[in-house]
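Here the structure is a predicted model, which means the values were calculated and not measured.
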Amino acid sequence: MTIQQLLENAHLDALGMLDADEQAAFEVAFAAAPPGVKAQVRAEQARWAEAASFLPDVHPSPELRQKVLDAVALAMLETGPQRAEEPYALSASPRVARWWRTAAVGMTCAAALLGAAVLKVHSDFGTISRQVASGKVMDDVMGVRAGGKVLRDTLFSPDTNRIVFEATPAAHALGLTVEASVFVNKSWTGPQFYCTNLPEQRGRVYRLVVLNAAGAVSTVLRDLDAKAGLITAALDELTKGTRLAVILVNDREEFNPARDILLTATL
């Protein structure tokens with residue numbers, strides 16, 4: 001009797017489900033087992049006996065008993081025979097493959113990471129919802145300063161002027177759909193600039209600049225990030241008549257107004 005068979009019969013013995021012949025065979029095999037195996041069998045029997053103490057006091061029918069014994073016998077056959085020279089060697093269970101254990105551990109880790117990500121998204125969504133309710137998001141988008149004054153003036157003040165940038169032939173030649181505008185109010189510290197749809201151009205940089213009378217760049221106000229969303233910028237005070245431009249340049253090449261100027265507007 002192999003160690004697997006010995007343990008299975010020990011479980012049935014603890015539950016009182018061995019008949020006389022099976023009990024005798026079990027006792028013979030148990031007596032011939034090494035001390036370490038005997039200790040393991042007794043420990044398993046004690047564990048099963050403790051578990052059985054919580055079961056209701058019922059006596060199964062002979063038919064049910066036979067079904068259980070047949071199922072145990074079939075399971076013993078499915079495990080395959082062991083070599084006779086190693087009757088007490090413990091072998092790895094064929095019912096749980098190593099790849100399955102690895103996959104289970106991986107799925108557990110993935111579930112933990114996904115749970116953490118869901119909690120982070122939920123937290124961020126709550127923060128955004130609170131900011132929207134307080135008006136902070138709109139304030140940030142509109143470049144609002146001084147407690148929302150710029151936003152209110154942009155929407156409602158008759159003193160706010162909007163100047164829309166015009167696209168140049170260079171922008172049309174590149175197939176760009178860039179849009180930009182600047183809002184001016186004498187009560188602000190400077191104009192508010194807005195721009196959308198600046199696609200990335202490899203090796204070239206978008207800039208908002210001031211042009212002089214000759215059409216050359218006199219002042220670089222700021223670089224503009226290439227992205228599809230809305231770009232906002234609070235500018236320093238500029239005088240009336242200042243000519244602004246959005247340009248696309250490569251610092252290693254000489255500035256060419258006909259090629260590099262994409263949008264223009266005059267305050």
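Residues Gln192 and Ala234 approach most closely at NE2-CB, 3.7 Å, considering heavy atoms. Here the closest non-hydrogen pair linking Leu262 and Ala171 is O-CB, 3.6 Å. Nearest heavy-atom pair across Leu224 and Ile231 is CD2-CG2, 4.2 Å. Heavy-atom minimum distance, Arg259 versus Ala170: O-CB, 3.5 Å. Across Ser187 and Asn185, no two heavy atoms sit closer than the pair OG-OD1, 2.6 Å. Contact between Glu237 and Pro191 at its shortest, heavy atoms only, is CA-CD, 4.4 Å.
Using a 4.0 Å cut-off between charged nitrogen and carboxylate oxygen, Arg207 and Asp260 do not count as a salt-bridge pair.
Tyr206 is not listed as a side-chain neighbour of Leu263, based on a closest heavy-atom distance of 4.5 Å or more. Within the 4.5 Å cutoff, the side chain of Val178 has heavy atoms near those of the Leu198 side chain. Side chains of Val209 and Thr219 form no contact here, defined as non-hydrogen atoms less than 4.5 Å apart.
Annotation: the span from Leu211 atom CG to Thr266 atom OG1 amounts to 9.0 Å, rounded to 0.5 Å. How far CG of Asp225 is from CD of Glu200: 10.5 Å, rounded to the nearest 0.5 Å. In this structure, Asn161 CG and Thr154 OG1 are separated by 11.0 Å, a value rounded to the nearest 0.5 Å. From Glu179, atom CD reaches atom CZ of Phe165 across 12.5 Å, with rounding to the nearest 0.5 Å.
The side chain to side chain contact (heavy atoms under 4.5 Å, CB included) test with Arg204 is passed by exactly one of Val249, Asp251, Leu248: Leu248.
Under the 4.5 Å side-chain heavy-atom criterion for grouping Ile, Leu, Val, Met, Phe, Trp and Tyr, Leu221 is connected to Val182 within one hydrophobic cluster. Under the 4.5 Å side-chain heavy-atom criterion for ILVMFWY residues, a single connected hydrophobic cluster contains both Val210 and Leu208. Connection of Leu244 to Ile261 is not established within any shared hydrophobic cluster, with ILVMFWY side chains joined at heavy-atom distances below 4.5 Å, either directly or through further cluster members. A continuous path of ILVMFWY side-chain contacts below 4.5 Å connects Val220 to Ile247, so both sit in one hydrophobic cluster. Criterion: ILVMFWY side-chain heavy atoms under 4.5 Å apart, direct or through other members. Under it, Ile163 and Val246 are part of a common hydrophobic cluster.
In this structure, Asn212 contributes its side chain and Ala216 its backbone to a donor-acceptor pair below 3.5 Å. A donor-acceptor pair is defined here as one N or O able to donate and one able to accept, closer than 3.5 Å; no such pair exists between the side chain of Thr242 and the backbone of Leu267.
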